[in-house]
Every structure is written in structure tokens, then in C-alpha cells.
Amino acid sequence: MKIIYSIIISSLLVYQTVGFTQEDSSKTSDEWKWRWEDEDKWDWKRSWDDDFDFGFSKSRPAISLNYGLAQMDRKDVIGDFVKPNLLELKLGYIKERQAFGKDDLVLLTYRNVYVANESNKLAGNKTNGLEIESEMWRVGFERNRGYGYKLGENSSIILFNGYTLNWSRVDFKYPSPDLETLNLYDENFRFGTSGFGGISFKVIDNLMLDASYESAIIFQRHLFWKWAGSAIIESAAQGLLDKFIDEIFESSPYAGPVVSFVLKNALTYGVYELRKDKMNWPFKSESPLTYDQFKFGLTFVF
């Protein structure tokens, strides 16, 4: 499966390069002018606003409260981790607008800062003294973006994908066989990233119900250049996928939200799977500490 994901990502990058070259050579100056001026079709200006206004322009403050279930792991750890539960608070800004000129299609972006606590104490799980217990605090920055359908005047369903940059401090209680490995993380702040996907139901104008699945890694060391190279590869693949999804929206707008949700989250999860063995895939690196979590909660929009 990991080989398949590697082939898919490599193919996307090659296709992006070839496709851009062919498109560039085949377009006349009039066609390029039309593409840039037709804002409703290409949404260039609005896309620029969404990506570079940092969430403050024409947006609304929002607070999210989440509760969830988590599973921690690392490839070379002998012991079993006790499954923690989590509580999470987000403070940020939400922007919602019409998508691709359709009154009943919605584009929503949500940028926030968050703090989360994952602990065995929240789960109340009993241990046999041989399992690895943990207490983790995490802070970070999140961006998610999704398309959806309006269900009424003030209600909608949004299918989203997103990512975070974060710092985690983990306190382990563990048996001696894993002492050397877990000491790389224990009681230290470590950099990490995550990708996630989910569904939001806008019930009324000021309330959303959320459910999501998040896959995350914690680096034992932050090797900046290897991390940056890996991130650039992922961003390039996501960028190409965005272009393909835009073309789907143009030809079949109402299929777009579902196709975007499936493809974006499949790529996010595929990259996560590749990084389970090499935290800075495709560059040589150690296995990271990973955690998978299912979250559900409420978002209050003001």
C-alpha cells in the first residue's frame, strides 16, 4: 500500500510539470486573458483572498470545543500504549462564501490556534502496570478548508480537509524496555504536524456540529531541511490535486464537494502512512511517534 501511495504522489508531480508545460504552450494570449478575468469560473481573486488574508477579512470569530478518542504508537516501541482521550479548544476565524457561482454550493475556510490535552485520566482506563501511560499537552496552528451544500437559509453541510503545525509536550509512565526510545520525547516540547478530514453540519447561523479524523506525527528531532523538503513535495501534490478538483467543479459542480473530500483526504492519509516509517519521507529519517484520533464537538460562530 505504501508503494502505491509513493507511485501516486510521484505521478502527480510529473503530471503537474508536463501538464503546465503543455497548457502554457497551447494557450493564446486571448485565452490567458479570459482565464484571469473570468473570476466566477476560476475564482482567482477569491482564492487569493482565502489563502493570504490570514482569515481576518470578511470573516467571523469562532470558538470550537472538541472531545475525542486517541491511539498512540511508534514502530520500534515494545510496550502497548494506553489509549487516551482528549479535550481541545480552538479560537479562530471562519469565512463562508458561495462557491463556483452556485447559490447552493459553499466554500468554508477556518483558521485557528488551538490547545489540546490528551490523557489516560480523561479516558479512565485501568492499566496492568505493563502498558505505557501518557499525559500530553499540545498547542498549534490549524487551517482547514472545505466545500459543501446549503440545506437552507442558515444551514449547510461541509466536507473539509486540513492540516496543523504544532508543538507537543508528553509525559510518559512506562516500563523499562522502552526507556531509551521514549526518553527522546518525555517532558520535552517536540514539533509535529497533522492532517485531518471531517464533516461539519451548520445547524443554525451560530452553531456547527463537527466530526473529524486526524492523523498526526511528533518528531523526535526537527531536521528542518529534510522536513521542509518533505513538506514541499506534499504541498506540490496537494496543489496539483486542487487544480484537478477545480476542473471537476467546472464540469460537474455538484459532484465537486464529495470528490474533493475523498481525494484530498486520501492524499493526506497516504502521506501520513509513508511518514510512519520515515518521519521526513522520502528522505532517510527515524520513525516518529504517531497518534490517530477521532474527534467530535461544537463550533460557535459569532
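All residue numbers refer to positions in the sequence shown, counting from 1.
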List in chain and number order the residues that pass side-chain hydrogen bond (donor to acceptor under 3.5 Å, both in side chains) with [X], two or more places apart in sequence or in another chain; answer none if no residue qualifies.
X    : answer
E96  : K202
S230 : R275
E214 : S194, Q293, K295
S168 : none

Answer yes if the side chains of [X] and [Y] hold a donor-acceptor pair under 3.5 Å, and no otherwise.
X    : Y    : value
T268 : N161 : yes
S119 : N117 : no
D210 : T299 : yes
D103 : Q98  : yes

Would you name the heavy atoms of [X] and [Y] that are closest together and state the gap between them?
X    : Y    : answer
A211 : F294 : CB-CZ, 4.4 Å
I233 : P282 : CD1-CD, 3.6 Å
G256 : F249 : C-CZ, 3.3 Å
F283 : K226 : CD1-O, 3.6 Å
V82  : E131 : CG2-CB, 3.6 Å

Less than 4.5 Å apart, side chain to side chain, heavy atoms only: is that true for [X] and [Y]?
X    : Y    : answer
F172 : V170 : yes
P288 : I218 : no
I63  : F302 : yes
F160 : Y147 : no
L89  : S64  : no
M72  : S134 : yes
T164 : T193 : no
Y67  : L87  : yes

Side-chain ion pair, [X] and [Y], N-O less than 4.0 Å:
X    : Y    : result
D73  : K276 : no
R145 : D242 : no
K278 : E286 : no

If two hydrophobic side chains count as joined below 4.5 Å and joins carry through other members, does [X] share a cluster with [Y]?
X    : Y    : answer
L86  : L91  : no
L69  : I132 : no
V271 : Y163 : no
Y254 : L107 : yes
I78  : F81  : no

Hey, could you give me the [atom1]/[atom2] distance between [X] and [Y], rounded to the nearest 0.5 Å?
X    : Y    : atom1 : atom2 : value
S285 : L223 : OG    : CG    : 7.5 Å
K95  : L108 : NZ    : CG    : 10.5 Å
I94  : N144 : CD1   : CG    : 8.0 Å
E88  : E118 : CD    : CD    : 8.5 Å
L105 : R97  : CG    : CZ    : 11.0 Å
E250 : I245 : CD    : CD1   : 12.5 Å

By side-chain contact (heavy atoms from CB on, under 4.5 Å), which residues pair with [X], not counting sequence neighbours?
X    : result
D171 : E135, D186, E187
N112 : K90, Y110, Y114, E142
L298 : L207, L209, F300
D292 : Y213, S215, Y272

| query | Quick one: ring-ring contact (aromatic ring centres under 6.0 Å, His included) partners of F191, sequence neighbours excluded? | reply |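 Listed in chain order: W167, F219, H222, W227.
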| field | Pairing residues for Y185 by the ring-ring contact (aromatic ring centres under 6.0 Å, His included) criterion, not counting sequence neighbours | value |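 Counting only residues at least two positions away or on another chain, Y185 forms no ring-ring contact (aromatic ring centres under 6.0 Å, His included).
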| Among pairs that include at least one residue of residues 148-159, which meet side-chain hydrogen bond (donor to acceptor under 3.5 Å, both in side chains), considering only residues two or more places apart or in two chains? | none
| query | Is there a donor-acceptor pair under 3.5 Å between the side chain of S235 and the backbone N or O of A231? | reply |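 Such a contact is found between S235 side chain and A231 backbone.
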| With no hydrogens and no angle check, is any side-chain donor or acceptor of S287 less than 3.5 Å from a backbone partner on D277? | yes
| Worked verdict on D205 versus V301 for side-chain contact (heavy atoms from CB on, under 4.5 Å) | CA-CA 7 Å; D205 191 43; V301 186; over 6 Å; no
| query | After noting the C-alpha distance and the side-chain angles of L159 and V258, does the key distance pass the side-chain contact (heavy atoms from CB on, under 4.5 Å) rule? | reply | CA-CA 7 Å; L159 308 173; V258 175; 4.1 Å; yes
| field | Residue pair R169, M136: steps toward the side-chain contact (heavy atoms from CB on, under 4.5 Å) verdict | value | CA-CA 6 Å; R169 185 183 188 277; M136 179 170 68; over 6 Å; no
| V203 and M208: side-chain contact (heavy atoms from CB on, under 4.5 Å), yes or no, with the steps? | CA-CA 6 Å; V203 181; M208 302 176 71; over 6 Å; no
| note | Sequence neighbours excluded, the answer for salt bridge (charged side-chain N to carboxylate O under 4.0 Å, His left out) partners of D76 is R74
